[in-house]
Amino acid sequence: MSANVGFASMESLSDRVCAAVRKRILNGVYGGGEFLGEEAIASELGVSRPVVSDCLQWLADEGWLELIPYRGARVIDWTPDDSHEVFELRALLEGHAARRAAERIDPSTIGNLQRLIGQEYQVISADRVDHERLSRINLAIHETICSASGSRRLRRLMEGLLDGAVSARNTFGLSQAWLDKAHREHAEIVAALASGDGGKAASVLRTHILSVSNGQPWPTDGDTEEAITSPRSSEC
């Protein structure tokens with residue numbers, strides 16, 4: 001994904017359906033291993049079956065679902081152990097990436113990171129946090145730092161860990177206090193990179209990743225959304 005995420009809120013029907021299904025997976029409405037029926041989702045969200053079919057294919061490409069021949073789309077299981085393991089691996093690899101990036105990062109990339117930090121602040125300061133956009137901004141910040149490390153091997157290792165579905169699962173549902181804390185840590189990491197202090201950048205980034213892991217909630221029962229065509233479903 002490009003680090004430039006100054007995009008508008010999602011507008012298309014397909015985007016909103018994808019967002020609704022993602023949210024249900026994150027909330028636990030659709031559990032790991034569950035097969036999703038196109039007709040049932042289309043009826044629940046008030047959209048056509050072809051729209052749902054396209055969205056399930058897209059979500060499979062993103063890593064949320066797996067498509068089983070002759071059976072349909074199945075939600076990929078995701079447990080607290082899965083999440084904590086990803087955070088631990090990220091802390092190791094991204095700490096190394098930050099240390100390298102501090103020695104190589106250019107002013108243009110620093111400026112881009114600072115713009116992302118500004119966008120993040122706008123999102124978390126809003127009356128209603130847009131978690132879809134926040135997840136994309138968070139992913140862009142971490143991808144940019146990884147790219148700035150200048151290591152192709154490291155980037156290949158990080159691809160699966162910074163996958164969109166993995167990233168969203170790891171940041172969804174954090175409290176406002178945790179969102180504010182994560183934002184401050186992002187700003188501190190960028191400041192350390194700008195000053196060329198690789199040791200501090202690595203230390204703050206590792207602490208940041210592990211602290212977010214500790215702040216994760218794990219849903220028990222999710223709320224069912226309104227039909228996607230309803231005016232009340234604007235969050236999707």
Side-chain angles (χ1 to χ4, degrees), residues 1-5 61-64 76 78-121 123-124 131 133-174 177-216 218:
M1 164 187 280
S2 168
N4 181 11
V5 290
D61 292 340
E62 287 186 336
W64 296 92
I76 294 177
W78 188 254
T79 68
D81 283 344
D82 292 326
S83 181
H84 292 314
E85 181 183 27
V86 166
F87 274 115
E88 289 169 357
L89 291 171
R90 283 186 57 185
L92 290 170
L93 294 173
E94 290 193 62
H96 179 60
R99 188 181 298 276
R100 286 179 56 94
E103 301 171 355
R104 296 166 173 80
I105 201 162
D106 57 71
S108 175
T109 304
I110 290 294
N112 192 30
L113 283 168
Q114 290 170 338
R115 284 190 292 274
L116 289 169
I117 298 297
Q119 291 175 16
E120 180 184 46
Y121 179 76
V123 173
I124 67 173
H131 286 281
R133 187 168 185 234
L134 181 60
S135 177
R136 292 172 189 258
I137 293 171
N138 176 73
L139 183 59
I141 291 170
H142 287 270
E143 284 183 334
T144 300
I145 294 171
C146 186
S147 295
S149 72
S151 171
R152 286 178 295 178
R153 294 183 184 86
L154 185 56
R155 291 176 65 180
R156 285 196 295 270
L157 287 171
M158 289 298 303
E159 281 179 0
L161 299 177
L162 287 178
D163 173 84
V166 172
S167 178
R169 282 174 162 132
N170 284 344
T171 57
F172 179 79
L174 292 173
W178 280 100
L179 293 178
D180 292 339
K181 182 176 183 292
H183 171 72
R184 291 193 301 271
E185 290 168 346
H186 280 157
E188 190 175 355
I189 293 163
V190 174
L193 291 172
S195 69
D197 190 340
K200 182 174 182 180
S203 176
V204 176
L205 197 150
R206 284 194 298 266
T207 299
H208 160 69
I209 290 174
L210 295 176
S211 70
V212 171
S213 176
N214 293 331
Q216 281 189 290
W218 283 91

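Numbering of residues begins at 1 and proceeds along the displayed sequence.
Here the side chains of R90 and R206 are not in contact, with every heavy-atom distance at 4.5 Å or above. Put simply, the side chain of D81 does not reach to within 4.5 Å of the side chain of E85, judged on heavy atoms. Between V212 and F87, the closest side-chain pair of non-hydrogen atoms falls below 4.5 Å. Between L113 and I105, some side-chain heavy-atom pair lies under the 4.5 Å cut-off. Using a 4.5 Å heavy-atom cutoff, the side chains of L92 and E88 are not in contact. Between H142 and M158 the shortest side-chain heavy-atom distance does not fall below 4.5 Å.
To the nearest 0.5 Å, atoms CD1 (I209) and CG (L205) are separated by 4.5 Å. Within the model, atoms CG of L89 and NE2 of H84 stand 13.0 Å from one another, a figure rounded to the nearest 0.5 Å. Distance check: L154 CG to L93 CG gives 6.0 Å after rounding to the nearest 0.5 Å. Rounding to the nearest 0.5 Å gives a distance of 8.5 Å between CD1 of I141 and CD of Q119. The CD1 atom of I117 sits 10.0 Å away from the CD1 atom of I110 when rounded to the nearest 0.5 Å. To the nearest 0.5 Å, atom CD of residue E120 and atom CG of residue N138 are 6.5 Å apart.
Applying the salt bridge (Lys or Arg N to Asp or Glu O under 4.0 Å) criterion to E185, with sequence neighbours excluded, gives K181.
Using modelled atom types, no side-chain atom of R100 and backbone atom of H96 make a donor-acceptor pair closer than 3.5 Å. A distance-only check finds a donor-acceptor pair linking the side chain of S211 to the backbone of T207 [under 3.5 Å].
Across every non-hydrogen atom of G199 and R99, the tightest pair is CA-NH1, 3.6 Å. Residues R115 and S108 share a closest heavy-atom pair of NH2-O, 4.4 Å. Here the closest heavy-atom approach between residue L193 and residue A101 is recorded as CD2-CB, 4.0 Å. Residues S149 and A97 come closest through the heavy atom pair CB-O, 3.5 Å.
No side-chain donor from either of T109 and N112 sits under 3.5 Å from a side-chain acceptor of the other.
Between H208 and the options R184, H186, E188, a side chain to side chain donor-acceptor pair (under 3.5 Å) holds for only H186.
Ring geometry, Y121 versus H183: the interplanar angle falls from 30° to 60°, so the pair is classed tilted.
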Full working for side chain to side chain contact (heavy atoms under 4.5 Å, CB included) between L179 and V123: CA-CA 10 Å; L179 293 178; V123 173; over 6 Å; no
